[in-house]
Amino acid sequence: MLLQFREEVEAALTDALGALELPTDDLGIERPPEDVDAVLASSAAFRAAEAAGAPPPAVAADVAERIDAGDYRLIGAVVTQGTYVNFLPSDAYYEATLEAAHEDDYGRLDPTGESVVVEHTSANPTGPVHVGRARNPIIGDALCRLLEFAGYDVDRHYYVNDAGRQMAVFTWAYETFDESDLPDPERDKPDYDLVRYYREGNEFLEEGPEAEVEAAEDAIQAIMQGLEDGDEETFERVQRVVDQVLDGMRATLQRLGVEFDEFVKETRFMRAGETDDVVERLRDLDEAVYEEDAWQLDLSAFGIDKNFVFLRSDGTTLYTTRDIAHHEWKFDEYDRAITVIGEDHQLTFEQLRRALELLGHDTDRLEQLFYSWVNLPGGGGMSTREGTGVDLDELLDEAVARAREEVEARMDERTRGDLTDEEVERIARQVGIGAVRYDVVAKQPTKAITFEWDRALDFEAQSAPYVQYVHARTCGILERAESVPQAVDADALTEPKAHDLLETIARFPAVVEEAAAAREPHAVATYTREFAETFNGFYRECPVLDEDVPDDLREARLALVAAARHTVANALYLLGVEAPESM
RNA sequence: GGGCGUGUGGCCUAGUGGACAGGGCGGGAGGUUCCUAACCUCCCGAUCGCGGGUUCGAACCCCGCCACGCCCGCCA
């Protein structure tokens with residue numbers, strides 16, 4: 001309802017400033033500090049003071065004077081506080097909020113008619129997903145949920161790098177080494193099984209006897225050439241490895257609640273000839289240069305000193321060359337393309353963007369969301385090839401185990417019956433996985449983070465369980481009440497804490513709109529925290545089911561709790577954090 | 001050396017031009033015969049990396065510097 005309130009405030013301010021012959025280009029609408037009793041405020045008087053030839057507070061008073069709250073449905077009163085013009089809500093504002101949030105899908109915005117493909121994760125199918133990469137699926141999936149909720153038509157893609165040198169090495173290693181020479185897999189999953197060959201192969205290439213390494217390089221080269229030439233048998237050999245590893249990785253991502261609409265393989269753009277076509281067109285560009293037997297693009301006009309090599313001297317293409325074909329396909333199929341990608345790919349992505357621009361594409365349709373790496377304490381990075389780091393499976397196991405301990409520790413203090421084993425397991429899973437996702441999604445992606453068990457799995461305040469607990473509380477109340485009233489009178493809700501809660505609920509659709517527009521899922525996490533705090537304030541001061549509560553008040557408070565439940569459930573959904581009905 | 005990013009109490013973090021910088025962790029003091037205490041209340045604690053500039057007003061914009069991260073491969 002805040003969105004509608006804002007529209008009224010805009011209209012009111014525009015009219016008032018216009019009537020006073022003051023500029024209306026910057027209305028200065030903002031959200032006031034917590035202790036100010038207004039939904040929105042305007043700081044326009046600061047800037048209008050000079051034009052008005054009067055001190056700012058006097059201008060604010062004039063503006064407020066000009067606005068008749070009675071002309072508006074949602075604005076209850078307009079008051080000044082110093083230079084600020086504050087807009088207070090009407091009874092109808094609370095009424096309308098309660099009514100809107102009665103719906104299960106409260107906060108969902110109207111379809112925009114715009115299609116967008118979000119590519120995220122896209123980790124090379126070389127082995128188990130580790131924590132260093134875990135930011136990508138978590139941020140990417142939250143972004144997808146957010147955009148979809150905000151009315152976009154979203155497709156989720158995982159781009160599979162199945163054609164690079166890495167995969168050629170992997171395929172060669174898989175076909176060359178014998179399982180009996182490898183260590184036992186860390187888990188009974190195909191990605192853990194196969195990564196042993198990949199690691200063994202890389203080690204061999206680095207430290208093996210020179211002559212044998214040379215022979216291996218020939219074999220690897222043959223695989224790459226086979227892919228480039230569209231050789232079916234080579235494709236199948238590589239796919240045998242790729243598909244197995246991918247199955248394992250997909251299973252891990254599924255534990256996190258992350259799923260995709262499509263796994264797009266880069267070989268697809270080689271088989272049908274799109275990549276060759278891209279090479280042709282790049283070669284025809286004025287910026288194309290042929291140096292040291294390789295075709296390159298001179299991007300110095302864009303401030304990129306490093307030449308972008310798009311065709312190796314051996315005639316094979318590079319990752320980014322294939323990615324150009326991939327993105328041309330995205331441009332054909334979707335209105336917008338967003339890629340969630342590690343900051344270490346910034347230069348490559350810039351080269352991709354510029355190349356696409358030179359090929360005549362409108363690259364404003366291409367967006368990227370960079371996140372920085374997760375490091376290990378002590379400064380080490382995580383590498384699949386070297387086998388360093390913490391596997392995502394390991395993190396999730398540990399998270400659930402710690403959550404289980406927490407649930408069991410709280411069993412003794414429970415005032416309401418024991419939990420069954422299934423319930424303990426369900427809560428542990430929801431809380432453990434939720435804590436991991438929340439911890440990652442709540443932070444700005446550009447900030448570097450260092451992985452620490454205790455911090456990642458802290459179930460105290462400002463974590464998923466804190467918010468999940470609020471959801472469980474709403475469910476607890478509603479379950480006991482048995483029925484939620486259909487039509488209620490919001491006028492019965494007079495306490496400040498009830499109004500605070502309604503105002504916070506009213507903000508939700510605006511939070512969705514702004515977070516989606518800015519591509520900032522973490523803003524939703526910030527909101528859930530504020531929401532939980534506000535709900536707990538209401539919970540403390542406004543009993544719902546107490547015998548002393550009169551019927552009409554009880555009904556109104558029940559409706560408010562139902563509205564709160566829909567809001568927090570949807571907010572958690574956007575973050576990919578499950579909303580337990582009890583915990 | 002160049003490019004991109006980050007710098008907010010002891011630690012983590014929100015806040016991209018406006019009302020005393022908001023939370024959490026930690027430390028201290030309290031709260032439950034009452035809808036789930038994974039909760040709440042109060043207290044302790046900040047030269048918003050440093051220096052300049054723009055502005056009525058700067059954590060936020062501009063310039064310089066410092067620190068840290070990432071990139072600068074015919075890898076992905």
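Because the structure is a prediction, the values reported are computed rather than measured. Note on naming: letters A, B, ... go to the chains in the order of the sequence lines (proteins, then strands), and numbering restarts at 1 for each one.
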Side-chain N or O of [X] closer than 4.0 Å to phosphate OP1/OP2 of [N]:
X	N	answer
Lys447(A)	G7(B)	yes
Arg540(A)	G31(B)	no
Gln468(A)	A38(B)	no
Tyr319(A)	G73(B)	no
Tyr466(A)	C40(B)	yes
Arg473(A)	A37(B)	yes
His345(A)	C75(B)	no
Gln346(A)	C72(B)	no
Arg31(A)	G15(B)	no
Arg410(A)	A38(B)	yes
Asn536(A)	C40(B)	yes

Expressed in whole Å, how much space separates the [atom1] atoms belonging to [N] and [M]?
N	M	atom1	answer
G15(B)	G23(B)	P	15 Å
A58(B)	C71(B)	C1'	31 Å
U16(B)	G3(B)	P	27 Å
G45(B)	U13(B)	C1'	16 Å
G28(B)	C62(B)	P	44 Å
G22(B)	A14(B)	C1'	7 Å
G53(B)	C60(B)	P	14 Å
G5(B)	G49(B)	C1'	15 Å

Starting from [atom2] on [N], measure out to [atom1] on [X] and report it in whole angstrom.
X	N	atom1	atom2	answer
Tyr438(A)	A14(B)	OH	C1'	11 Å
Asn307(A)	C72(B)	CG	P	15 Å
Gln296(A)	C74(B)	CD	P	7 Å
Leu572(A)	A38(B)	CG	C1'	14 Å
Asn161(A)	A76(B)	CG	C1'	6 Å

Indicate whether the side chain of [X] and that of [Y] have a donor and an acceptor atom separated by less than 3.5 Å.
X	Y	value
Asn124(A)	Thr126(A)	no
Gln239(A)	Lys265(A)	yes
Thr317(A)	Glu228(A)	yes

Worksheet entry | Partner nucleotide of A29(B) by Watson-Crick or wobble geometry (both distances under 3.5 Å) |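 Base-paired to U41(B).
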Fill in: Watson-Crick or G-U wobble partner of G1(B), both distances under 3.5 Å
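WC or wobble partner is C72(B).
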Within the modelled atom types, does a donor on one side and an acceptor on the other bring the side chain of [X] and the base of [N] under 3.5 Å apart?
X	N	value
Ser372(A)	C70(B)	no
Asp314(A)	C74(B)	no
Ser43(A)	A19(B)	no
Glu343(A)	G5(B)	no
Asp162(A)	A76(B)	no

Discussion item. For the backbone of Ala163(A) and the side chain of Thr267(A), can you confirm whether one donor and one acceptor N or O come within less than 3.5 Å of each other?
Written reply: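 No, Thr267(A) side chain to Ala163(A) backbone: no donor-acceptor pair under 3.5 Å.
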Discussion item. Determine whether a donor-acceptor pair (N or O, by modelled atom type, separation under 3.5 Å) exists between the side chain of Gln468(A) and the backbone of Glu578(A).
Written reply: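 At least one qualifying donor-acceptor pair exists.
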Practice prompt. Rounded to the nearest 0.5 Å, what's the gap from CD on Glu452(A) to OG1 on Thr450(A)? Could you check?
Written response: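 Spacing of CD (Glu452(A)) from OG1 (Thr450(A)) equals 6.5 Å.
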Worksheet item: Between Phe269(A) and Tyr159(A), what is the ring plane arrangement, given parallel below 30°, perpendicular above 60°, and tilted in between?
Response: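 Ring orientation of Phe269(A) relative to Tyr159(A): tilted.
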Item to complete: Return the orientation label for the Trp373(A) and His130(A) ring planes: parallel under 30°, perpendicular over 60°, tilted otherwise.
Response: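 Taking His130(A) first and then Trp373(A), their aromatic rings stand perpendicular (interplane angle over 60°).
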Worksheet item: What do you reckon, is CD of Glu50(A) surrounded by more than 12 foreign heavy atoms closer than 6.0 Å?
Response: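 No - once you tally the heavy atoms of other residues, nucleotides and ligands closer than 6.0 Å, there are 12 at most.
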Worksheet item: Is the NZ or CZ atom of Arg473(A) positioned over Tyr539(A)'s six-membered ring, under 6.0 angstrom from the centre and within 45° of the axis?
Response: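 Arg473(A) over Tyr539(A) ring: yes.
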Practice prompt. Could you give me the CA-CA distance, side-chain angles and deciding distance for Trp295(A) and Leu282(A), then say whether side chain to side chain contact (heavy atoms under 4.5 Å, CB included) is met?
Written response: CA-CA 9 Å; Trp295(A) 277 97; Leu282(A) 287 173; over 6 Å; no
Item to complete: Tell me which residues in residues 56-63 of chain A put a heavy atom below 4.0 Å from RNA chain B, sorted by number, or none.
Response: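 None, since no heavy atom is under 4.0 Å.
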So if I take every side-chain heavy atom of [X] and compare against [options], which nucleotide ends up nearest?
X	options	value
Leu318(A)	A37(B), C75(B), G15(B)	C75(B)
Thr446(A)	G5(B), A19(B), G23(B)	G5(B)
Arg47(A)	C56(B), C74(B), A38(B)	C56(B)

Practice prompt. Could you tell me whether Glu514(A) and Arg6(A) have a side-chain N and a carboxylate O separated by less than 4.0 Å?
Written response: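 Here Glu514(A) pairs with Arg6(A) in a salt bridge, since their nearest N and O are under 4.0 Å apart.
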Enumerate all atom pairs, one protein N or O and one N or O from nucleotides 58-63 of chain B, separated by less than 3.5 Å.
none

